[in-house]
Amino acid sequence: MLSRTRPVGERFSLKKSSFDVSLFAPFHYLGTQSGTAALCIALRIARQMRSDVDNPEVLMPAYTCPDVISACITAGVTPVLIDFAPDTCHMSLDELSLKCHANTVAIIAINFLGIPERIDQIRSLLNNKKTLIIEDSAQGFPRSDKENYWKGDLVTLSFGRGKPLGLFNGGAVLSRQEELLKMADAFLSSSSKLSEFSYRIKHRVFNMLMSPLGYGLLTRLPGMTFGETVYKPLEKCEHINPTINEYLSARVKDFEQRRVELYDLYNKRLEQLNLSILGSGHSLYEYLRIPVLLPNQSIRNACLEKMDLIGLGATAMYKKILTEFDDIPIDLGDAPYPNASLLAQRLITLPLHQDVSEQDIDEMMAVIEAEVKNAHSLDK
Ligand SMILES: Cc1ncc(COP(=O)(O)O)c(C=O)c1O
């Protein structure tokens, strides 16, 4: 069998239309070259609003994509890490209130695989402090009801690979307050050139590879490994290329028509194993992949290994917390973040795209069931 189920990535059609400024209404839109640049711009806005603060700090989770650190470094703000509340991907509210000081210019609230942060609760902690809430929604996009999905003062999106609106590049800052976005112009240079011909070829090749057979062949190419998440510096922030803007409307429509029945199937099958989808039970959540906390790291690793052998598209995301990345060029300290570490060790994410079949889900559940049983029998 040559076919394999990929972890992430929907085939999509490229349709051009003039950019619709109301696409993200009621939010105003500012396009950037990437999600990292969008976050950096949002941080620069937060910093500018508090120009009286000498050593601006930003609170953010201890477990997330290292691109968030790149954005902080380029924006000139100091990241302060926060642990999660137990068994969740939400920052601990106690720790947030403990570490939020007069020089905290922003809190980065990260939407994890489609699970939004608890922004209302975070906001109520702040009382009337002047700290901005930046909602990093690179991994989350609503299929309906944009009005109520995002609650941050600034919201950042990514249109990079594997994201809900993946278009290979681009990102955006959104805000209900147009005047906040107007401050950003000074921080952005003009967009890089994009050859439309090579972009269209890239799209065709991507659609070919994002099929069970295409992905199966890709993974069999010698030397083809899908490596670990690494730190990438952000050199500068640019406006989005206008061509990407012209593909956005169709991309949003494609996303809105995504299959949803797989979610219910996963939910049912995981419940039979006494497991659940992380953050499940909220009708507004639009998962990018299915995140599940397995009982411990060795069961998680064994499941990953088996699913990888069969080609079932499971991943462990970042595998470690930010203080464990050797390539991050600033000192994040060596304090423990026990709940974030447990999440990094126990998390498995299962695919949720157009080619996942019921049989794939059955096979994934069989692997999990066998590994949990195996661990129990070894314990005895
Ligand atoms: C939470 C989060 N923020 C920001 C980014 C950066 O987005 P981009 O790859 O478009 O720069 C990512 C990318 O994976 C992400 O997962």
Side-chain angles (χ1 to χ4, degrees), residues 7-9 29-44 58-75 77 79 81-82 84 89-91 106-117 119 133-141 150 152 154-174 188 191-192 194 206 226-241 244-245 247-248 251 255 278-279 286-289 291 315-322 325 327-328 340 343-344 347 349:
V8 69
Y29 167 90
L30 175 83
T32 57
Q33 97 269 21
S34 68
T36 314
L39 195 54
C40 179
I41 292 297
L43 290 165
R44 284 190 157 148
V58 167
L59 309 184
M60 57 172 284
Y63 173 85
T64 187
C65 178
D67 291 349
V68 179
I69 299 285
S70 322
C72 290
I73 294 176
T74 307
V77 296
L81 304 185
I82 305 287
F84 286 139
C89 55
H90 296 307
M91 286 185 283
I107 296 178
I108 306 179
I110 297 188
N111 179 313
F112 183 65
L113 295 177
I115 307 171
E117 248 300 356
I119 300 210
I133 300 184
I134 298 174
E135 185 170 2
D136 178 344
S137 198
Q139 299 177 13
F141 193 81
W150 292 307
L154 292 164
V155 178
T156 61
L157 304 179
S158 162
F159 309 142
R161 251 179 313 167
K163 302 300 187 310
L165 303 184
L167 279 167
F168 313 130
N169 69 52
V173 191
L174 309 180
L188 283 157
S191 64
S192 296
L194 183 131
F206 173 86
F226 296 92
E228 306 232 322
T229 309
V230 292
Y231 173 83
K232 298 181 291 302
L234 173 71
E235 309 292 343
K236 57 178 178 170
C237 297
E238 293 175 0
H239 282 284
I240 194 167
N241 187 286
I244 303 289
N245 269 345
Y247 290 132
L248 259 178
R251 192 70 187 92
F255 178 77
L278 193 64
E286 305 286 0
Y287 286 88
L288 189 60
R289 293 205 279 274
T315 76
M317 296 291 288
Y318 318 120
K319 295 199 181 115
K320 53 194 175 192
I321 63 170
L322 289 168
F325 279 79
D327 48 356
I328 288 182
L343 188 101
L347 180 76
T349 77

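Scope of the values below: all heavy atoms of this structure, side chains included, with no hydrogens, waters or symmetry mates. In each ligand, atom 1 is the first atom listed, and ligand 1 is the first ligand listed.
Here NE2 of H239 is found 4.5 Å from CG of L188. Values are rounded to the nearest 0.5 Å. Taken from OH in Y247 to CZ in F168, the straight-line distance is 10.5 Å, to the nearest 0.5 Å. Once rounded to the nearest 0.5 Å, the distance linking CG of L347 with SG of C89 reads 9.0 Å.
Remark: among candidates C65, S34, G35, the nearest residue to atom 7 (O) of ligand 1 is G35, based on non-hydrogen atoms.
Using a 4.0 Å cut-off between heavy atoms, D136 contacts ligand 1 through its side chain alone, with no backbone atom that close.
In terms of heavy-atom proximity, A109 sits nearest to E117 at CB-CB, 3.7 Å. Here the closest heavy-atom approach between residue F84 and residue M91 is recorded as CD2-N, 3.8 Å. Nearest heavy-atom pair, Y63 versus A340, reported as atom, atom and distance to 0.1 Å: CB-CB, 3.9 Å. In terms of heavy atoms, S70 sits closest to Y231 at OG-CE1, 3.3 Å.
Atom 13 (C) of ligand 1 has its closest protein heavy atom at K163 NZ, 3.1 Å. What sits closest to atom 9 (O) of ligand 1 on the protein, heavy atoms only, is D67 OD2, 3.8 Å. The nearest heavy-atom contact from the protein to atom 16 (O) of ligand 1 is Q139 NE2, 2.9 Å.
Using a 4.0 Å cutoff on heavy atoms, R161 does not count as a contact of ligand 1. Under the 4.0 angstrom criterion for non-hydrogen atoms, L39 is not in contact with ligand 1.
Those atoms of ligand 1 that come under 4.0 Å of a heavy atom in S158, given as number and element, are 7 (O), 8 (P), 10 (O). In the vicinity of T36, heavy-atom distances shorter than 4.0 Å reach the ligand 1 atoms 6 (C), 7 (O), 8 (P), 11 (O).
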